[in-house]
Amino acid sequence: MDALRSLGRVIVAFWILSHLSLLAYSSSPQDLQILNAERRIDLSSHIVKVFLTLKVENTGASPVSEVLLAFPPTQVDHIASLKAALTVGKKKKKSYVPLEVNPTDLPDAPNQTKYFSISLLNPLNAGETATLEVLYILTHALEPFPAEINQAESQLVYYRDSAIILSPYYIKQQTTFIRTPSTKVESFTRVESTNRAGTEIKYGPYKDRPAYSYSPVIVHFENNKPFAVVEELVREVEISHWGNLQITEHYRLSHAGARHKGVFSRVEYQSRPSSGGISSFKHLLARLPPRVHSVIYRDEIGNISSSHLRIDYLKSDLEIEPRYPLFGGWKATFVIGYGLPLEDFLFESPDGRRYLNFTFGCPLAETVVDKLIIKVVLPEGSKDPSAVVPFSVKQHLETKYSYLDVAGRTVVVLEKENVVPEHNSPFQVYYSFNPIFMLAEPLMLVSTFFFVFMASIAYLHIDFSICKASS
């Protein structure tokens, strides 16, 4: 019995020591503190951009390999993009090294706080500091108030946030700056250390704030920028190995600002454009690739002639104008199509596969896309398709039948929600293709012509004369 008790004590001691060693090498929020935090919130558009600079210090005894960002649950659903970088060097020699950011969970998160983890390139040793630059984009974060306005009224919106940065770490010093589109601010929450100068509201500096401190603020201001939201965009990219890339884009566009009430006056809108519809928009700019050709712009009625195309060697700007100006709550559907030279976008990889290098996202400037579907139509006979996208998307395959197709064309479908201009980055679609399949359609055309020709010859040699019967 004494031997068994001794063995039990040894096992318990070993278990405690092993778990203490694991705790020594695992990081917790108490291992870090933020020496200085500066946040700048840009409200000049309906797409909110937040720039966050954090100088963190490891106050623990073990190395730390990640830094956590905390968001309230009401805000995390509006995050369309989140990027982080490590600052290297000082002043003119300063550079930024991108870091990986992923959503993560913590047990017993207070008030359902949501987290993102920034993975450091090298663990931060005890006593060391690092400076991180964070950019995150918020969509549908501005709330129109009043919710309805008439044609002559300006648009006012609410923005809700916290004067103190929500963080799982102790913050030694912090400051928040909020920039509005103009000086027309109806009201804003005043707390300790609040100042306003021109278009900027400053909260702080605040010192020695414990983890998860929070101080809600509301800013009520004028924002008449176009609240252009594409509820759904379907982009079809069709590859033809005969030298052309055909793009067809189906838009369902809406004005997501304060809803229009009352009667629309075309006379007032045209005679007083600065006041008779200041919150509406009638022009949209689509930034297309260079060397674009065969551009079309139409809706359900037919071709829309109110568009202007400017082409240079770097880009092509297509300025489109819907059939009617868009006020809050109004919608429009239309189609944009254009062709591109295939040699600018199709390449061959070292392993012999072909790949398309194209731009993800929406070509319309300053636009939010609630749902984006990109369909890459590969030539008939393509095999083993795969897509490489720099962010998470949903992927699946479809089959499309076109003229003279026998087996159908493979379609790589990419889907993503909450898309902003920051998502306009290149993506690749790889596939294998045997050049012999390029002869399929010409041979089918020749065969069809041959059978039609032979049928015509046989038809001409039939004797259709009617003989008179003898008596």
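- The aromatic ring centroids of F116 and F71 lie less than 6.0 Å from each other.
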Solution key, residues 355-364 side-chain donor-acceptor pairs under 3.5 Å, sequence neighbours excluded:
unit_1, atom_1, unit_2, atom_2, d
N357, OD1, Q428, NE2, 2.7

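- Annotation: the span from N36 atom CG to T129 atom OG1 amounts to 11.5 Å, rounded to 0.5 Å.
- Checking side-chain atoms of N224 against main-chain N and O of S154 turns up no donor-acceptor pair under 3.5 Å.
- Residue pairs meeting the ring-ring contact (aromatic ring centres under 6.0 Å, His included) criterion with at least one member in residues 284-304, sequence neighbours excluded: Y297-F334.
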| task | Report the C-alpha distance between L54 and L69 in whole Å, list the side-chain angles of each, state the deciding distance to 0.1 Å, and finish with yes or no for side chain to side chain contact (heavy atoms under 4.5 Å, CB included). | result | CA-CA 10 Å; L54 301 174; L69 299 176; 3.9 Å; yes
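- Listed for the S162 side chain is a donor-acceptor partner under 3.5 Å among the backbone atoms of I164.
- Minimum interatomic distance between T399 and V411 (heavy atoms only, all atoms of both residues): C-CG2, 4.4 Å.
- Legend: salt bridge (Lys or Arg N to Asp or Glu O under 4.0 Å) pairs involving residues 300-314, not counting sequence neighbours, sorted by first then second residue: D312-K315.
- We find that K49 and E422 are joined by a salt bridge, their nearest charged nitrogen and carboxylate oxygen being less than 4.0 Å apart.
- The side-chain heavy atoms of V50 and L135, taken from C-beta on, include no pair separated by under 4.5 Å.
- The shortest non-hydrogen separation linking A80 to N418 is CB-O, 3.4 Å.
- Two residues are said to be in side-chain contact when any heavy atoms from C-beta on lie closer than 4.5 Å; T180 and Y159 fail this criterion.
- Between the side chain of K282 and the backbone N or O of P322 there is no donor-acceptor pair closer than 3.5 Å.
- Remark: side-chain polar atoms of T199 are not paired, donor with acceptor, to backbone N or O of P181 under 3.5 angstrom.
- A distance of 12.5 Å separates CD in E66 from CG in L124, rounded to the nearest 0.5 Å.
- With sequence neighbours excluded, the residues satisfying salt bridge (Lys or Arg N to Asp or Glu O under 4.0 Å) with K375 are E398.
- The neighbour count for D351 CG, taken as heavy atoms of other residues, nucleotides or ligands under 6.0 Å away, is above 12.
- A salt bridge does not link K94 to E133: none of the charged nitrogens lies less than 4.0 Å from a carboxylate oxygen.
- For residues 299-324, no residue pair satisfies the ring-ring contact (aromatic ring centres under 6.0 Å, His included) rule, not counting sequence neighbours.
- Side-chain contact check for N244 versus W242: every heavy-atom pair is 4.5 Å or farther apart.
- Using a 4.5 Å cut-off on side-chain heavy atoms (C-beta onward), E236 and V234 make no contact.
- Ring planes of F227 and H255: parallel class, angle under 30° (limits at 30 and 60°).
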| task | Decide side chain to side chain contact (heavy atoms under 4.5 Å, CB included) for T367 and L233; before the verdict, give the C-alpha distance in whole Å, the side-chain angles of both, and the deciding distance to 0.1 Å. | result | CA-CA 11 Å; T367 303; L233 168 58; over 6 Å; no
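- N150 places a side-chain N or O within 3.5 Å of a backbone atom of E153 that can act as its donor or acceptor partner.
- Closest approach of A387 and V412 over heavy atoms only: CB-CG1, 4.2 Å.
- With hydrogens and angles ignored, the 3.5 Å screen pairs a side-chain donor or acceptor of Q155 with a backbone N or O of A258.
- Environment of CZ in R298: sparse, with no more than 12 heavy atoms of neighbouring residues, nucleotides or ligands closer than 6.0 Å.
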| task | Using the side chain to side chain contact (heavy atoms under 4.5 Å, CB included) rule, take L106 and T104 through it: C-alpha gap first, then chi angles, then the decisive distance, then the call. | result | CA-CA 7 Å; L106 285 185; T104 187; 5.5 Å; no
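- The CD1 atom of I373 sits 10.5 Å away from atom CG of L414, with the distance rounded to the nearest 0.5 Å.
- Remark: K416 NZ is packed, more than 12 non-hydrogen atoms of other residues, nucleotides or ligands lying under 6.0 Å away.
- Rounding to the nearest 0.5 Å places CG of D42 at 11.5 Å from CG of L138.
- Rounded to the nearest 0.5 Å, atoms CD (E366) and CD1 (I47) are 5.0 Å apart.
- Sequence neighbours left out, the pairs with a member in residues 69-83 that pass side-chain hydrogen bond (donor to acceptor under 3.5 Å, both in side chains) are Q75-D161.
- Using a 4.5 Å cut-off on side-chain heavy atoms (C-beta onward), F221 and L142 make contact.
- Taking all atoms of both residues into account, the shortest heavy-atom contact from A70 to T113 is CB-CG2, 3.7 Å.
- Within the 3.5 Å criterion, the main-chain N or O of S265 finds a donor-acceptor partner in the side chain of Q151.
- With respect to the salt-bridge test (charged N to carboxylate O, under 4.0 angstrom), the residues R409 and E380 do not qualify.
- A donor-acceptor contact shorter than 3.5 Å is absent between the side chain of H46 and the backbone of V368.
- Judged by the 6.0 Å and 45° rule, R40 forms no cation-pi pair with F51.
- One side chain, H140 or D370, offers a donor N or O that lies under 3.5 Å from an acceptor on the other.
- A donor-acceptor contact shorter than 3.5 Å links the side chain of D299 to the backbone of I301.
- Between H423 and F391, the ring-plane angle classifies as perpendicular under the 30° and 60° cut-offs.
- In terms of modelled atom types and a separation under 3.5 Å, the side chain of R353 and the main chain of D384 share a donor-acceptor contact.
- With a 4.5 Å cut-off on side-chain heavy atoms, Q174 and R39 do not count as touching.
- Residues S65 and L120 are not in side-chain contact: their nearest non-hydrogen atoms beyond the backbone lie 4.5 Å or more apart.
- Under the 3.5 Å distance criterion, with hydrogens and angles disregarded, a donor-acceptor pair is assigned to the side chains of E100 and N102.
- Of all non-hydrogen atoms in Y96 and A85, the two that sit nearest each other are CB-CB, 4.0 Å.
- Under the 4.5 Å side-chain criterion, counting only non-hydrogen atoms from C-beta, V376 is in contact with F427.
- A side-chain N or O of Y338 and one of E249 form a donor-acceptor pair less than 3.5 Å apart.
- Taken to the nearest 0.5 Å, the CZ atom of F327 stands 4.0 Å off from the OG atom of S280.
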| D317/R287 under side chain to side chain contact (heavy atoms under 4.5 Å, CB included): CA gap, chis, key distance, verdict | CA-CA 5 Å; D317 288 341; R287 300 193 180 279; 3.3 Å; yes
